[in-house]
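Beneath this line is the structure, given in structure tokens, with notes to follow.
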Amino acid sequence: MLTLASSDFVKQYIQHSSPAMRADLLEIIDMMELIAPDAELLGDLGIPYFQQNSSWLYGVAARSDHLCIYFSDLSVLYPFVERLPHVQFGDNCLIIHRLDEINLNVLAELFGQIKVHFLLNHRDPPDLVQ
């Protein structure tokens, strides 16, 4: 697994992002890595994203005044709408303008739910006994 410290792409991505978004971007990437330590941090899509079992899990894109957080399973987002009142739900993503306006525990719970649903949908079928 690539760690944040060894990912040149992530370092450059953060450095080239808006200064106002850098700390929030780093915190989101760190949180994603903490929730999915077995996932691989990649950048070949142009944004930092995590992949596990050769499938995309979640990623984050920095814009000039907000972050877009993309997920592999959007159905998990909807129960969190009321619990994340300062987050906007965009096309296939969450939009966060300021990380200090949202409950990070709820965001971490959402990342955890995304991972659980991902693992349930990507697990190997049990061996059939003949």
Side-chain angles (χ1 to χ4, degrees):
M1 175 178 86
L2 281 176
T3 63
L4 190 55
S6 67
S7 174
D8 289 335
F9 170 78
V10 173
K11 287 178 187 176
Q12 290 177 2
Y13 189 87
I14 292 170
Q15 184 178 16
H16 288 96
S17 67
S18 164
M21 294 288 102
R22 288 180 188 158
D24 287 355
L25 176 61
L26 183 58
E27 190 165 350
I28 291 291
I29 294 169
D30 284 344
M31 189 182 300
M32 288 176 169
E33 188 171 44
L34 183 65
I35 301 291
D38 296 333
E40 184 176 13
L41 177 57
L42 301 171
D44 59 329
L45 296 176
I47 64 169
Y49 73 98
F50 288 85
Q51 177 178 291
Q52 191 164 347
N53 301 334
S54 301
S55 295
W56 186 80
L57 181 59
Y58 39 52
V60 60
R63 306 294 183 238
S64 62
D65 66 344
H66 65 276
L67 300 175
C68 295
I69 301 175
Y70 298 95
F71 298 100
S72 61
D73 185 354
L74 295 174
S75 67
V76 179
L77 295 178
Y78 304 113
F80 287 85
V81 171
E82 291 182 17
R83 296 179 63 204
L84 293 169
H86 295 286
V87 171
Q88 295 174 318
F89 289 80
D91 293 334
N92 301 320
C93 69
L94 289 178
I95 298 169
I96 297 175
H97 290 278
R98 293 184 47 182
L99 201 53
D100 63 357
E101 293 180 339
I102 66 170
N103 185 327
L104 294 181
N105 291 327
V106 175
L107 186 61
E109 182 184 342
L110 173 58
F111 289 166
Q113 288 294 316
I114 294 290
K115 181 181 175 187
V116 167
H117 282 246
F118 174 87
L119 292 174
L120 288 173
N121 291 327
H122 291 89
R123 64 182 172 190
D124 293 328
D127 293 332
L128 298 177
V129 179
Q130 294 185 8

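Worth saying up front: this structure is predicted, and the values here are computed from it rather than measured.
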For the residue pair L67 and M21, establish whether any side-chain heavy-atom pair is separated by less than 4.5 Å. yes
Within the 4.5 Å heavy-atom criterion, are L99 and L107 side-chain neighbours or not? yes
Between A61 and Y13, the two heavy atoms sitting closest are CA-OH, 3.3 Å
Measuring from atom NE2 of H117 to atom CG of L119, what distance do you get when rounded to the nearest 0.5 angstrom? 10.5 Å
Does I69 reach the side chain of F111, with side-chain heavy atoms less than 4.5 Å apart? yes
Look up atom NZ in K115 and atom CG in D38, then write down how far apart they are to the nearest 0.5 Å. 5.5 Å
With under 30° as parallel and over 60° as perpendicular, where do the rings of Y58 and F50 fit, or are they tilted in between? perpendicular
Find out whether L41 and F9 are in side-chain contact, i.e. whether some heavy atom of one side chain is under 4.5 Å from a heavy atom of the other. no
Heavy-atom closest pair (S18 atom, R63 atom, distance to 0.1 Å) is CB-O, 4.1 Å
With the side chain counted from C-beta on, respond yes when Y70 and V60 share a heavy-atom pair under 4.5 Å apart, and no when they do not. no
Once rounded to the nearest 0.5 Å, what's the spacing between atom NE2 of H97 and atom CD of Q88? 4.0 Å
Rounded to the nearest 0.5 Å, what's the gap from CZ on F89 to CD1 on I95? Could you check? 10.0 Å
Nearest 0.5 Å, what's the CZ-CG distance between R83 and N105? 9.5 Å
Out of curiosity, I47 CD1 to S17 OG, how far, rounded to the nearest 0.5 Å? 13.0 Å
Please name the pair of heavy atoms, one in A62 and one in L25, separated by the smallest distance, quoted to 0.1 Å. CB-CD2, 3.9 Å
Using the side chain to side chain contact (heavy atoms under 4.5 Å, CB included) rule, pick out the option among I96, L77, L110 that qualifies with L84. L110
